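Only heavy atoms go into these numbers, but all of them, side chains included; no hydrogens, no water, no symmetry mates. Remember, predicted model here, so these are calculated numbers, not experimental data. Every chain is numbered from 1 and lettered A, B, ... according to where its sequence line falls, protein lines coming before strand lines.
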Amino acid sequence: MELGGDSVPDSYDFTSIERKWQDYWRERSLFHVERREDRPKFYYLDMYPYPSGELHMGHVRNYIIGDAFARYKTMQGFNVLHPMGWDSLGLPTENAAIKFGVHPVQWTEQCVGIMKQQFDRLGISYDWSREIDTSDPEYYGWTQWLFLQLYNSGLAYRGPGLVNWCPECGTVLANEQVVGGRCERCDTLVERTTREQWFFKITDYAEALLEDLELLEHWPERVVRMQEHWIGRSEGFSFTLEIEGLDEEMEVFTTRIDTIYGLTFMVLAPEHPLTSRLTGGTEFEEPVQQFCQRAMAESVMERTAEDTEVEGVFTGAHAIHPLTGERVPIWVANYVMMDYGTGAIMAVPAHDQRDFEFARKYDMPVVPVIQPEGAELDGETMTEAYIGDGEQVNSARFSGQSNRAAMEQIADHMEAEGLGHRDVSYRLRDWCISRQRYWGAPIPVIYCDECGIVPVPEEELPVMLPEDAEFTVTGDSPLSRHEEFMQVQCPRCGRPARREADTMDTFVYSAWYYLRYPSPHEDEAPFNRDDVEYWLPVDQYVGGIEHATGHLMYSRFITKVLHDLGWVSFREPFARLFTQGMVYKDGAKMSKSRGNVVTPDEINDEYGADTGRLFSLFVGPADQDTEWSDESVIGAHRFLWRVWRLATENMGAWNADFRADLPSDGSEEQRQIRRKSHQTILKVTDDFEEMRFNTAIAAIMELSNDLASFVQEMDAEDAADRAVFSEGLWTLVVLLSPITPHICDELWARMGLEPSLVEEQWPEADEGLAEEETITIVVQINGKVRDNIDVPAGTDMDDVVELALEREKVAKYVEGKEIAKTIKVPEKLINLVVS
RNA sequence: GCCGGAGUGGCGGAACUGGUAGACGCACCAGACUCAAAAUCUGGCGGUGGUCAACCCACUGUGCGGGUUCGAAUCCCGCCUCCGGCACCA
């Protein structure tokens, strides 16, 4: 089917109408906002995209959600900031540029051009005067400034660390960029390696990030839970053990200090530095080294796969139990991870399943120190570890009480003896921000042989990314081969020095972009503080769930840092968060690589932008995934055409001054249609507030259907009928306008109203008129619906019971029986319990 | 394993704090219009049955099994399936 704009008569001329209104809005700068004190502010933010040039209806959905909401808030009288920008600097863009054989600068320019046009054709109400582009030196210079603030506060450091290495992308990745052991961008298995990198000390904020989750009342529960898990706080005890015959100690963390008397061996992670120090020069050196190398060579996937068996090797060394003084063997095993806790554990096989399996495999003693109620554990015969609570046994003077109490006492005792301390461990790792890639902001530091690491002075920012660098992927920083870039004078001593060749990760730029929109052209500071204080926090943030533990965590972190440095007054950047669902087609997520995309341009050409907008919001709840359906698109279009005809074919009955002619009482039909109009305002307002666009649209469709029926019956000469119809049509067009703004503005103009609906006030319902006059009361007998009775609103329920008993249907069931109980729910139902 | 979420007609989905299950839309069926088709308009549409022409009536029905209640898609207990997140986390 083809409905190509003006070429086919079977629709309205959406092509020229949409262009006309887009021009109208742009020419009058209707979406431009400035600070103003006469209206409450509302900062609506969509997560900005990276310019891929592949905008499809899946992406479009969240921009439509945002646009409908922003337009609604504007009509409600808010001063709405609704900006858009480009996450153009970083790996995604660079990879795309390499793939298509162009320079990232060109690629960005090209894609931004295309996407901006697509947004405009969709009629999205962005304030383009605030557009930001992270690859603009203006922007990334301030990102470098941000780096320096962290560096100067001790929150950015360079150091060796166990990092994720993507061999395909030739760079390290943050933990948050590894999904299921694979690179989130190219799906390659990630390797673990130790490399010098730049880190942001997000772990310093672990507690604050966790605690402040409580402030995020309007965030989806699951995102809060995901962050909680990601931070992974656990309370326990840290202590050190001496190593027999060596001037070394090992530190461990445990959540079960109550089980310390059941400690029968120690285990190190294969990456643990002690492994070589313990075995150096001994007969164990070779087997241990072999084991460690083999374990470390395994990818994250292999190492942690469910069916991977616990495996290890003895180091020949022994540690001294801090409480009993016993010698316990030290092993190395694959089931201990270097990046959690201390990379070493105390093994209590009786009360930890992995330790248990390990002990059985290598024939080590299992000593129960907690006895479950009603059972007697025997280390020789038990078949699995007991991890529950019980009575403390075999634990010197701590025996004979509950293990919970013993846990506290043992901790007290060890703290008093200076053997260790209560501690908290987090799963969260420091944020690795350096990348061995070209397309990013150079990390603003200089290496001087004399002075060491020297930060670039703020006044020398931005450190420009040279456009003429070779940026092929080799596994080390492309900038290191650009001599002109690398050679620099040390800002401190003036001697020749070299620049840092690594660039910053994409997520650093997006961790603060929401602070830039309020003053996008500020050149004295990253942002104008008054503007930020006026607009922030973001009142409503919308984006994909995939950013739950990455971007959203980083942004919260950066905001907290800026708060602590005195740059902003708030601790959380996003007051409300909404995660929109994805669009699937043929059972798979829409994506160009799968070849199942529908582009907004196709829809615009065939049905018009309003149809695409309406469909995107009508398919289902906005926070749920949904399946693309060509049929439903046609359905959406049909509805718009019906609205078009309802309005244009009944212009004779339209009266712009309808309010003067509205009947104070009116006929049954008139009252009914007025009630529907006002009910629809209430329903749609309510739904918009909670972003339930699908049900809002259903309500508008009902109003439209009722109006269409009314039109059949009405007298086009009768002033009251005309007024009632006009009120309904007026309501319909206003309520629909945030969703399908072009057709609505066109109808609005044809109805002789002005200016654009963009500047119209959101309607307020007359609650009195919305109230039902007649209420249907359901009559149940023993909980089964047997009849229903229409009564005037406010009828006493006792009277309803009387009425019900007179009904034939009811009598049939009640006859000859006794009414044991009568349930009366006002305005709703009665239930006669008979026996 | 732990943590979130979901399971309702042929399909997408409605159903406020327990109160007529299936709004709205798609698909489908019938009718009107048409030479015909498309489009449009009108009506029907969970299942089974009652002599169903019709109105009508009965039973049954929200993943499964129990329970609470006058009354359960909704609350409780126990399961199953699917989706998402985390995971040898010490």
Trainee: Look at A/R638 and B/A39 and indicate whether a side-chain polar atom (N or O) is within less than 4.0 Å of OP1 or OP2.
Mentor: no
Trainee: Heavy atoms only, 4.0 Å cut-off, all strands: where does A/G635 land among base, sugar-phosphate and nothing?
Mentor: sugar-phosphate
Trainee: Would you say the side-chain atoms of A/D686 pair up with the backbone N or O of A/L682, donor to acceptor, closer than 3.5 Å?
Mentor: no
Trainee: Tell me which nucleotide among B/A39, B/A15, B/G25 gets nearest to the side chain of A/W641.
Mentor: B/A39
Trainee: At under 4.0 Å between heavy atoms, what does A/Q353 touch on the DNA or RNA strands: base, sugar-phosphate, or nothing?
Mentor: nothing
Trainee: Which part of the nucleic acid does A/V778 contact within heavy-atom distance under 4.0 Å: base, sugar-phosphate only, or nothing?
Mentor: base
Trainee: Who is the Watson-Crick or G-U wobble partner of B/C11, with both distances under 3.5 Å?
Mentor: B/G25
Trainee: Only one of A/M590, A/E627, A/K589 clears side-chain contact (heavy atoms from CB on, under 4.5 Å) with A/V583; which?
Mentor: A/M590
Trainee: May I ask you to say what A/P220 touches in the nucleic acid, namely base, sugar-phosphate or nothing, with a heavy-atom cut-off under 4.0 Å?
Mentor: nothing
Trainee: Both distances under 3.5 Å, Watson-Crick or G-U wobble: report the partner of B/C35, or none.
Mentor: none
Trainee: When the nearest nucleotide of RNA chain B is assigned to A/S629 and to A/R222 on a heavy-atom basis, which residue is associated with the more 5' position?
Mentor: A/R222
Trainee: Please give the distance between the C1' atoms of B/C11 and B/G19 as a whole number of Å.
Mentor: 29 Å
Trainee: Would you classify A/K809 as touching base, sugar-phosphate or nothing, given that sugar-phosphate means primed atoms plus P, OP1 and OP2, and contacts are heavy atoms under 4.0 Å?
Mentor: sugar-phosphate
Trainee: Does a nitrogen or oxygen in the side chain of A/K784 sit under 4.0 Å from OP1 or OP2 of B/U60?
Mentor: yes
Trainee: A/D686 has an atom CG; how far is it from atom C1' of B/A14, in whole Å?
Mentor: 15 Å
Trainee: Now, which nucleotide makes the Watson-Crick or G-U wobble pair with B/G71, with each of the two distances under 3.5 Å?
Mentor: none
Trainee: So which nucleotide does B/U17 pair with, by the Watson-Crick or G-U wobble rule with both distances under 3.5 Å?
Mentor: none
Trainee: Answer with base, sugar-phosphate or nothing: what part of the nucleic acid does A/R429 contact at a heavy-atom distance below 4.0 Å?
Mentor: nothing
Trainee: Could you tell me which nucleotide pairs with B/U51 by Watson-Crick or G-U wobble geometry, both distances under 3.5 Å, or answer none if nothing does?
Mentor: none
Trainee: Give me the distance, rounded to whole Å, that separates B/C80 from B/G71 when you measure between the P atoms they each carry.
Mentor: 29 Å
Trainee: Taking the side chain of A/R427 as heavy atoms from C-beta outward, which of B/G85, B/G19, B/C86 is closest to it?
Mentor: B/C86
Trainee: Can you check the A/W628 CH2 to B/C11 P distance for me, whole Å?
Mentor: 21 Å
Trainee: Anti or syn, where syn is a glycosidic angle within 90° of 0; which label fits B/G22?
Mentor: anti
Trainee: Side chain of A/V833 only, heavy atoms from C-beta on: which candidate in B/C70, B/G13, B/C88 is closest?
Mentor: B/C70
Trainee: In this structure, how many angstroms lie between the P atom of B/A6 and the CE atom of A/M582, rounded?
Mentor: 17 Å
Trainee: How many Å lie between CD on A/E649 and C1' on B/A39, as a whole number?
Mentor: 13 Å
Trainee: Contact class for A/F618 (heavy atom, under 4.0 Å): base, sugar-phosphate, or nothing?
Mentor: base
Trainee: Using OP1 and OP2 only, check whether a side-chain N or O of A/R645 sits under 4.0 Å from B/C41.
Mentor: yes
Trainee: Roughly how far apart, to the nearest Å, are B/U42 and B/C35 at atom C1'?
Mentor: 23 Å
Trainee: Closer than 4.0 Å, any side-chain N/O of A/N705 to the OP1 or OP2 of B/A23?
Mentor: no
Trainee: Classify A/F239 by what it touches in the nucleic acid, base, sugar-phosphate, or nothing, heavy-atom distance under 4.0 Å.
Mentor: nothing
Trainee: Watson-Crick or G-U wobble partner for B/G84, using a 3.5 Å limit on both distances?
Mentor: B/C3
Trainee: By nearest nucleotide on RNA chain B, pick out whichever of A/E221 and A/A699 is the more 5' one.
Mentor: A/E221
Trainee: Can you figure out which of B/C24, B/C86, B/C88 approaches the side chain of A/M701 most closely?
Mentor: B/C24
Trainee: Expressed as a whole number of angstroms, how long is the span from A/L614:CG to B/G25:C1'?
Mentor: 10 Å
Trainee: Hey, does A/V825 reach any base, or is it just sugar-phosphate, or nothing, if we go heavy atoms under 4.0 Å?
Mentor: base
Trainee: Whether the side chain of A/N403 engages the backbone of A/G388 through a donor-acceptor N/O pair (distance < 3.5 Å, no angle test) should be reported.
Mentor: no
Trainee: Does A/R786 put a side-chain nitrogen or oxygen below 4.0 Å from OP1 or OP2 of B/U20?
Mentor: no
Trainee: Return yes if some donor-acceptor pair links the side-chain N/O of A/R429 with the main-chain N/O of A/Y426 below 3.5 Å, else return no.
Mentor: yes
Trainee: Using a heavy-atom cut-off of under 4.0 Å over every strand shown, decide if A/N694 touches base, sugar-phosphate, or nothing.
Mentor: sugar-phosphate
Trainee: For B/C79, give its Watson-Crick or G-U wobble partner with both distances under 3.5 Å, or none.
Mentor: B/G63
Trainee: Counting side-chain heavy atoms from C-beta on, which of B/A14, B/A23, B/C88 comes nearest to A/E702?
Mentor: B/A23
Trainee: Distance only, no hydrogens: is a donor on one side chain within 3.5 Å (strictly under) of an acceptor on the other, for A/E649 and A/W644?
Mentor: no
Trainee: Under a 3.5 Å cutoff, is there a donor and acceptor pairing between the side chains of A/E772 and A/Q679?
Mentor: yes
Trainee: Under a 3.5 Å cut-off for both contacts, is B/C89 paired Watson-Crick or G-U wobble with anything, and if yes, with which nucleotide?
Mentor: none
Trainee: Do we see a donor-acceptor contact under 3.5 Å between the side chains of A/D355 and A/Y335?
Mentor: yes
Trainee: Search all heavy atoms of A/A699 against all heavy atoms of A/K683 and return the closest pair with its distance.
Mentor: CB-CG, 3.6 Å
Trainee: Between A/D790 and A/T776, is there a side-chain donor-acceptor contact under 3.5 Å, judged purely by atom types and distance?
Mentor: yes
Trainee: Roughly how many Å apart are B/U69 and B/C86, using the C1' atom of each and rounding to a whole number?
Mentor: 39 Å
Trainee: Is the positively charged end of A/R427 above the ring of A/Y340, judged by distance under 6.0 angstrom from the centroid and angle within 45° of the axis?
Mentor: no
Trainee: In whole angstrom, what separates A/E631's CD from B/G13's P?
Mentor: 15 Å
Trainee: What's the CZ-C1' distance between A/F358 and B/C88, to the nearest Å?
Mentor: 12 Å
Trainee: If you measure from the C1' atom in B/C45 to the same atom in B/C28, how many Å do you get, rounded?
Mentor: 8 Å
Trainee: Take atom NE2 of A/H351 and atom C1' of B/C88, then tell me their distance rounded to the nearest Å.
Mentor: 19 Å
Trainee: Looking for any heavy atom pair under 4.0 Å, which part of the strands does A/N831 touch: base, sugar-phosphate only, or nothing?
Mentor: base
Trainee: Considering only atom C1', compute the distance from B/A21 to B/A14 and round it to an integer number of Å.
Mentor: 10 Å
Trainee: Pick the P atom in B/U60 and in B/G5, then give their distance to the nearest Å.
Mentor: 33 Å
Trainee: Taking the side chain of A/A698 as heavy atoms from C-beta outward, which of B/G25, B/A23, B/C88 is closest to it?
Mentor: B/A23
Trainee: Should A/Y584 be listed as having a side-chain N or O under 4.0 Å from OP1 or OP2 of B/C83?
Mentor: no
Trainee: Given the C1' atoms of B/A72 and B/U62, what is the spacing between them in whole Å?
Mentor: 11 Å
Trainee: Is there a side-chain polar atom (N or O) of A/R225 under 4.0 Å from OP1 or OP2 of B/G85?
Mentor: no
Trainee: Tell me what A/T776 touches on the nucleic acid: a base, only sugar-phosphate, or nothing, going by heavy atoms under 4.0 Å.
Mentor: base
Trainee: With hydrogens left out and only the distance checked, is there a donor-acceptor pair under 3.5 Å joining A/Q780's side chain and the base of B/G19?
Mentor: yes
